[in-house]
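Everything below concerns the one structure shown next.
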There are 2 protein chains.
Amino acid sequence: MLSKKTQYAFHALTYLAENQDKGPVLISEISEERKISLKFLENILLELKKSGILGSKKGKGGGYYLIKPPEEIGLAKIIRLLDGPIALLPCVSLNYYERCENCQEEICGLNVVMSEVRDNTLKVLENKSLKDVLRKH
Amino acid sequence: MLSKKTQYAFHALTYLAENQDKGPVLISEISEERKISLKFLENILLELKKSGILGSKKGKGGGYYLIKPPEEIGLAKIIRLLDGPIALLPCVSLNYYERCENCQEEICGLNVVMSEVRDNTLKVLENKSLKDVLRKH
DNA sequence: TTATTAGTCTATTAAAATGGTAGGGAATAT
DNA sequence: ATATTCCCTACCATTTTAATAGACTAATAA
């Protein structure tokens, strides 16, 4: 399951996408609109900024904004950033690979199946963007 | 990511499948062969027994054994049992559904995408069995 | 220049989950 | 009867998660 952190990130990002025309949006506005603890949200937005997904502006008229258009922000990237690996086992993770302890990959059948799961998952997440998860009106 | 608990469960189950002919297998044997803490493994096997995947026998000559042939033990069931939901969001979980707080499912785009991820994942996990993850020799 | 606004940063905390341990108790075979 | 082996309950340490606090810095407007 995705952590609250990641879920909140999606909330915030879709809110920003839906309000792109308004220029920078206040953390507090997102916090109120999407019912997310203000301080927790601060951390999340900062993280998204540091990883190059968001831009920010301080002072009056400031706030956060998307740097790229929503269709260029992939879902897999967001999840990896805040939640870590998407794969179900470290030994089949593309971005967070770690050898399994006590397990010989060469003869491990789980490895094969979990790679397949990963590929199926990524087929969706890498080809869908923020644009695909905006609210439907 | 799957928890150690689930990973150990797969270790134990494949070991049991590979040694079905030997009759009941000692916890201690599995523990040694697959390098899993004995006491932790006890808990896991007990859980698998209670959910009807394993049988056991006490006393001399006792141990654990598979109740059904490996090809009838689905991977999704094992994961759900020890790790809970397979879906990435509570609101798209088939077996552990919960409404998301602060989110209107009807207009939520994430819901749609995450349902697709779930379906893709289950397509693999529900159609693969223990037999498919045995060691390849 | 000063007050205000708004993001930045570091640290802390409470609660839950994870991974593992301890030690009897109960059933069974010899 | 006794050795063997699983059963059961409780406990513990560590890590992760979710959230909070508060001081600091940068930008803007009066």
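Just so it is clear: chains get the letters A, B, ... in the order the sequence lines come, proteins before strands, and each one is counted from 1.
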Handout entry: Backbone N/O of B:Thr121 and side chain of A:Asn120: donor-acceptor pair under 3.5 Å
Key = no

Fill in the blank from the handout: Those residues at least two apart in sequence (or on a different chain) that pass side-chain contact (heavy atoms from CB on, under 4.5 Å) with B:Cys108 are B:Cys103, B:Leu110, B:Asn111

Exercise for the section: Return the value, rounded to whole Å, for the distance between atom NZ of A:Lys50 and atom C1' of C:dC9. Expected result: 7 Å

Exercise for the section: In whole angstrom, give the distance that lies between atom CG of B:Leu48 and atom C1' of D:dC6. Expected result: 14 Å

Handout entry: side chain to side chain donor-acceptor pair (under 3.5 Å) contacts in which one or both residues fall within residues 65-80 of chain A, not counting sequence neighbours
Key = A:Arg80-A:Glu126

Fill in the blank from the handout: Rounded to whole Å, CD of A:Glu47 lies from P of C:dC9 at a distance of 12 Å

Practice task
Check for a donor-acceptor pair, side chain of B:Asp132 on one end and backbone N or O of B:Lys128 on the other, with a separation under 3.5 Å.
Solution key: no

Problem - Sidechain-backbone polar pair: B:Glu98 side chain, B:Cys91 backbone, donor-acceptor under 3.5 Å - result: no

Below 3.5 Å is the cut-off: list the nitrogen or oxygen pairs between protein and nucleotides 12-19 of chain D, distance only.
{"from": "D:dA18", "atom 1": "OP1", "to": "A:Lys4", "atom 2": "N", "distance (Å)": "3.2"}
{"from": "D:dA18", "atom 1": "OP2", "to": "A:Lys4", "atom 2": "N", "distance (Å)": "3.2"}
{"from": "D:dA19", "atom 1": "OP2", "to": "A:Tyr8", "atom 2": "OH", "distance (Å)": "3.2"}

Handout entry: Qualifying residues under ring pair (Phe, Tyr, Trp, His ring centres under 6.0 Å), relative to A:Tyr96, sequence neighbours excluded
Key = none

Practice task
Name the nucleic acid region contacted by A:Leu26, choosing base, sugar-phosphate or nothing; use a 4.0 angstrom heavy-atom cut-off, strictly under.
Solution key: sugar-phosphate

Problem - Separation of atom CG in A:Leu38 from atom P in D:dA21, rounded to whole Å - result: 11 Å

Handout entry: B:Ile44 CD1 to D:dC8 P, straight-line distance once rounded to whole Å
Key = 16 Å

Practice task
Figure out the CD1/P separation between B:Ile30 and D:dT5, and round it to whole Å.
Solution key: 13 Å

Exercise for the section: Classify the side chain of B:Glu42 and the base of D:dC8 as holding, or not holding, a donor-acceptor pair under 3.5 Å. Expected result: yes

Fill in the blank from the handout: When rounded to whole Å, the CG to C1' distance for the pair B:Leu82 and C:dG20 reads 16 Å

Problem - Whole-Å distance separating the CD1 atom of B:Ile27 from the C1' atom of C:dG20 - result: 15 Å

Please produce a list of atom pairs where a protein N or O lies less than 3.5 Å from an N or O of nucleotides 28-30 of chain C.
{"from": "C:dA29", "atom 1": "OP1", "to": "B:Lys57", "atom 2": "NZ", "distance (Å)": "3.4"}

Exercise for the section: Determine the sole option in A:Ile44, A:Leu66, A:Ile67 for which the side chain to side chain contact (heavy atoms under 4.5 Å, CB included) test with A:Leu54 is passed. Expected result: A:Leu66

Exercise for the section: Could you tell me whether B:Glu42 and B:Lys39 have a side-chain N and a carboxylate O separated by less than 4.0 Å? Expected result: yes

Residues 23-38 of chain B side chain polar contacts: donor-acceptor under 3.5 Å, at least two apart:
{"from": "B:Glu29", "atom 1": "OE2", "to": "B:Tyr15", "atom 2": "OH", "distance (Å)": "2.5"}
{"from": "B:Glu29", "atom 1": "OE2", "to": "B:Lys22", "atom 2": "NZ", "distance (Å)": "2.7"}
{"from": "B:Ser31", "atom 1": "OG", "to": "B:Ile36", "atom 2": "O", "distance (Å)": "2.8"}
{"from": "B:Arg34", "atom 1": "NH1", "to": "B:His11", "atom 2": "O", "distance (Å)": "3.1"}
{"from": "B:Arg34", "atom 1": "NH1", "to": "B:His11", "atom 2": "ND1", "distance (Å)": "3.4"}
{"from": "B:Arg34", "atom 1": "NH1", "to": "B:Thr14", "atom 2": "OG1", "distance (Å)": "3.0"}
{"from": "B:Arg34", "atom 1": "NH2", "to": "B:Glu18", "atom 2": "OE1", "distance (Å)": "2.9"}
{"from": "B:Ser37", "atom 1": "OG", "to": "B:Phe40", "atom 2": "N", "distance (Å)": "3.4"}

